[in-house]
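Worksheet: the structure to be examined is printed underneath.
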There are 2 protein chains.
Amino acid sequence: MEISTEDKILLAAKEVFTQKGYAAARMQEIADAAGINKGLLHYYFKNKEKLFLSVFHDALDNFIPRVNQVLEADLSLEEKIAGFIGEYMEVLIKNPHLPAFVLGEMNQHPQEFTRSILSRKELPNPMKLMMQLQMEADAGRIRSVSPLHLWMNIVSMCVLPFAARPMFQAVMGINDAQYWDFMRSRKKEVTDFILHAIRNENN
Amino acid sequence: MEISTEDKILLAAKEVFTQKGYAAARMQEIADAAGINKGLLHYYFKNKEKLFLSVFHDALDNFIPRVNQVLEADLSLEEKIAGFIGEYMEVLIKNPHLPAFVLGEMNQHPQEFTRSILSRKELPNPMKLMMQLQMEADAGRIRSVSPLHLWMNIVSMCVLPFAARPMFQAVMGINDAQYWDFMRSRKKEVTDFILHAIRNENN
DNA sequence: GTCTATAGGTAGATAGAC
DNA sequence: GTCTATCTACCTATAGAC
């Protein structure tokens with residue numbers, strides 16, 4: 001079972017684009033990484049932009065459905081928060097360059113990104129989680145917090161440590177092994193942190 | 001009191017570099033934005049990389065001392081956390097493109113970034129805050145939490161909402177005014193969130 | 001489908017007049 | 001200090017043989 005030329009290209013392109021960004025990526029380098037030549041690259045993907053969009057959308061399509069599955073599941077609030085953080089960080093541990101890549105590119109082309117993301121089949125959908133938060137707060141089972149801020153807080157704590165890795169390691173003086181130890185311990189740490197933050201003080 | 005040509009260039013370069021990134025930025029566009037021509041650009045800054053580094057380091061030098069001043073001040077834990085978040089977000093509100101720019105560039109050139117940041121006069125210095133956290137936890141005045149994780153949590157909640165703005169607005173369907181309302185309300189919201197998360201349950 | 005060779009355009013950098 | 005003109009290199013994309 002061979003790996004098709006198209007998949008070899010997509011794999012190589014993912015590597016180069018995520019590490020260098022669209023503008024600095026070179027078609028030659030992608031061809032080299034895929035073990036083919038530039039001509040063949042244009043045979044499969046008419047131009048650089050089309051190849052980039054394939055990589056970019058593949059990344060989102062692998063990501064969004066997985067977290068949505070947790071967000072839309074029939075789980076208690078605590079289970080859902082723990083499940084979301086676990087799933088989200090699991091995907092990022094396997095794709096550690098994804099956050100900086102997506103953040104960088106979408107800020108360099110915000111209007112194209114917005115058009116493009118809104119036309120996708122699936123968007124991140126935190127609505128059910130936010131409704132649950134509101135209900136639990138109304139029922140007095142958790143502290144009353146802004147669902148939108150809480151959602152932003154959860155995503156921030158999951159995503160930023162990947163994107164800020166070079167600064168974090170430099171400032172803290174930690175090596176790669178220590179970084180990954182820290183990241184692995186984060187799933188539980190962030191979950192506990194959030195559950196404590198929304199605990200009702202009257203319990 | 002005129003603005004010097006060099007400052008006009010730096011200002012224009014900051015705009016173009018922070019929005020397009022190093023690789024996609026064009027010397028021609030910077031020259032146009034500064035109201036001069038390409039030749040003069042090379043007269044003041046020998047090449048593109050030197051111009052970029054001036055912008056990049058100016059950004060960090062404007063940023064790091066301001067937050068360090070709070071981090072190293074003689075304040076109670078609660079005041080320090082509130083002060084840090086307030087100062088950090090205040091700077092970012094005035095430079096909203098900075099986070100995605102810095103995150104993107106440092107991930108595209110991690111080794112150069114690491115060399116460069118370590119040779120700067122001043123690094124972000126959360127040590128005193130982290131010692132305070134440890135002491136308060138040992139004294140039982142706050143819940144025992146990992147200082148390193150807490151530090152990462154605070155920074156994450158401050159920084160990511162700027163870098164993730166296009167995704168956030170698209171997914172939530174909110175306009176620019178609503179986005180800025182949200183961001184302005186975040187200083188207090190994040191501070192409260194953290195203070196609740198580290199509250200000691202036995203109080 | 002896969003390759004080589006090259007066209008065509010663009011951008012960083014320099015030379016030199018004023 | 002500031003400008004115009006130009007050189008040189010590189011990179012995307014295409015043409016065309018196999």
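Proteins get letters first, then strands, A, B, ... in listed order; numbering begins at 1 in each.
Within residues 7-30 of chain B, no residue is approached by DNA chain D to less than 4.0 Å at the level of any non-hydrogen atom. Within residues 41-52 of chain B, the residues having any heavy atom under 4.0 Å from DNA chain D are, by residue number, B:Tyr43, B:Tyr44.
Between A:Leu40 atom CG and C:dA5 atom P the separation is 16 Å, expressed in whole Å. The CG-P distance, from A:Asp32 to C:dC3, rounds to 12 Å in whole Å. Between the P atom of C:dT2 and the CD atom of A:Glu2 lies a distance of 12 Å, rounded to the nearest Å. Between A:Asn37 atom CG and D:dA13 atom C1' the separation is 13 Å, expressed in whole Å.
Under 3.5 Å, the side chains of B:Ser76 and B:Glu79 contain a donor-acceptor pair of N or O atoms. Counting only N and O atoms by type, the side chains of A:Gln169 and A:Asn175 include no donor and acceptor under 3.5 Å apart. Inspection of the A:Ser116 and A:His109 side chains reveals no N or O donor paired with an N or O acceptor under 3.5 Å.
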Inset, instruction - Could you give me the CA-CA distance, side-chain angles and deciding distance for B:Phe17 and B:Phe56, then say whether ring pair (Phe, Tyr, Trp, His ring centres under 6.0 Å) is met? - result: CA-CA 9 Å; B:Phe17 277 131; B:Phe56 196 74; 9.9 Å; no
Inset, instruction - Please assess A:Asp61 against A:Arg120 for the test salt bridge (charged side-chain N to carboxylate O under 4.0 Å, His left out), listing each intermediate value before the final yes or no. - result: CA-CA 9 Å; A:Asp61 289 344; A:Arg120 301 261 91 199; 2.7 Å; yes
Inset, instruction - Show your reasoning for whether side-chain contact (heavy atoms from CB on, under 4.5 Å) applies to A:Val16 and A:Gln19. - result: CA-CA 5 Å; A:Val16 176; A:Gln19 284 173 38; over 6 Å; no
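Between B:His149 and A:Phe182, the ring-plane angle classifies as parallel under the 30° and 60° cut-offs.
Between B:Thr5 and the phosphate of D:dT2, there is a side-chain N or O to OP1/OP2 separation shorter than 4.0 Å.
Looking at residues two or more places apart in sequence or on another chain, you find no ring pair (Phe, Tyr, Trp, His ring centres under 6.0 Å) involving A:Phe162.
Here the side chain of A:Lys38 is nearest to one of D:dT12, C:dG12, D:dT4, namely D:dT12.
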